[in-house]
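Side chains included, hydrogens not; waters and symmetry mates left out as well; all remaining heavy atoms used. Start at 1 with the first residue, then count along the sequence. Note that this is a predicted model, so its numbers are computed, not measured.
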Amino acid sequence: MFISIILSLITVKRLSKNKKLEKTIYLSSNGVHLDILIPKENIQNKLLNSLYYKNNDTYFAFGWGEENFYLNTPSWKDISILNSIKALFLKNKTLIHVTRYQQKRSTWIEIKISTIALKKLNNYLYNSFQKNKYGSTIILKNKGYSNKDNFYHAKGRYSCFKTCNSWVNSAFKESGLKSCFWTPFDIGLTSKYN
């Protein structure tokens with residue numbers, strides 16, 4: 001726990017200091033889990049075309065997590081010790097959770113980024129999806145929490161060392177954005193943008 005906090009405090013600086021920060025993304029936390037939010041106009045076609053959405057959906061939230069935990073813990077009241085232990089200590093299959101919004105929320109943290117960083121972020125997200133033999137994303141039908149979200153099979157295995165929040169942190173790091181050295185917690189990254 002102590003090492004996790006120390007590594008969360010170490011900041012990896014933004015790589016593209018001299019680039020124009022003309023694009024916007026958002027970071028959101030439910031108190032435990034981070035999502036990356038991108039306005040539709042900032043999502044590259046190859047990523048957007050691989051998602052299910054409706055024309056009036058204007059913001060897309062991307063989260064990554066352990067399959068069993070995502071599907072069997074729709075709210076905090078559904079958390080069980082067994083599901084939590086399985087998620088943290090077994091290298092389990094993962095899903096990407098995409099939630100669609102029509103309007104921006106006041107609780108989202110706005111982050112200005114360069115066009116280059118946005119392209120890298122789009123690529124990171126696109127490459128996180130598992131694809132079928134035709135190169136298409138694999139959606140789990142009728143598994144969302146509402147009519148505004150979907151789950152897709154993802155690449156990678158979840159563990160206490162690779163959590164939902166360390167996935168988001170890796171996305172920021174690979175995109176050249178300010179990030180933590182490593183963090184399993186949401187606050188590690190949100191604290192760098194508040």
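Note that the CD atom of Gln130 and the CG atom of Leu95 stand 9.5 Å from one another [nearest 0.5 Å]. We find the CG-CG distance between Asn42 and Leu121 to be 10.0 Å, quoted to the nearest 0.5 Å. Summarising the geometry, atom CD belonging to Gln103 is positioned 12.0 Å from atom CG belonging to Asp57; distances are rounded to the nearest 0.5 Å. Rounded to the nearest 0.5 Å, atoms CG (Leu21) and OG1 (Thr24) are 9.5 Å apart. Atoms CD1 and OH, on Ile96 and Tyr70 in that order, are 8.5 Å from each other to the nearest 0.5 Å.
Each of Leu51, Asn147, Asn56, Asn150 was scored for a side chain to side chain contact (heavy atoms under 4.5 Å, CB included) with Arg100, with one residue passing: Asn150. Of the candidates Leu34, Leu177, Leu189, Leu189 is the only one forming a side chain to side chain contact (heavy atoms under 4.5 Å, CB included) with Asn169.
Annotation: Tyr152 is not in aromatic contact with Trp64 [ring centroid separation under 6.0 Å not met]. Between His97 and Tyr145, the ring centre distance stays below 6.0 Å.
Side-chain contact between Asn123 and Lys46 is present, with at least one heavy-atom pair separated by less than 4.5 Å. Considering only heavy atoms from C-beta on, Leu27 comes within 4.5 Å of Val168 through its side chain. By the 4.5 Å heavy-atom criterion applied to side chains, Lys143 and Leu71 are counted as neighbours. Counting only heavy atoms from C-beta outward, the side chains of Arg157 and Lys162 never approach each other to under 4.5 Å. Put simply, the side chain of Ile25 does not reach to within 4.5 Å of the side chain of Trp108, judged on heavy atoms.
At least one donor-acceptor pair under 3.5 Å links the side chain of Ser191 to the backbone N or O of Gly188. Remark: side-chain polar atoms of Lys20 are not paired, donor with acceptor, to backbone N or O of Ser114 under 3.5 angstrom.
With sequence neighbours excluded, the residues satisfying side-chain hydrogen bond (donor to acceptor under 3.5 Å, both in side chains) with Ser128 are Trp167. The salt bridge (charged side-chain N to carboxylate O under 4.0 Å, His left out) search around Asp149 returns none, not counting sequence neighbours.
Checking Lys148 against Thr99 by side-chain atom types alone, no donor-acceptor pair falls below 3.5 Å.
Judged as a salt bridge (Lys or Arg N to Asp or Glu O under 4.0 Å), not a single pair has a partner in residues 26-40 (not counting sequence neighbours).
The aromatic rings of Tyr59 and Tyr26 lie perpendicular to each other, with more than 60° between the two planes, well past the 30° mark.
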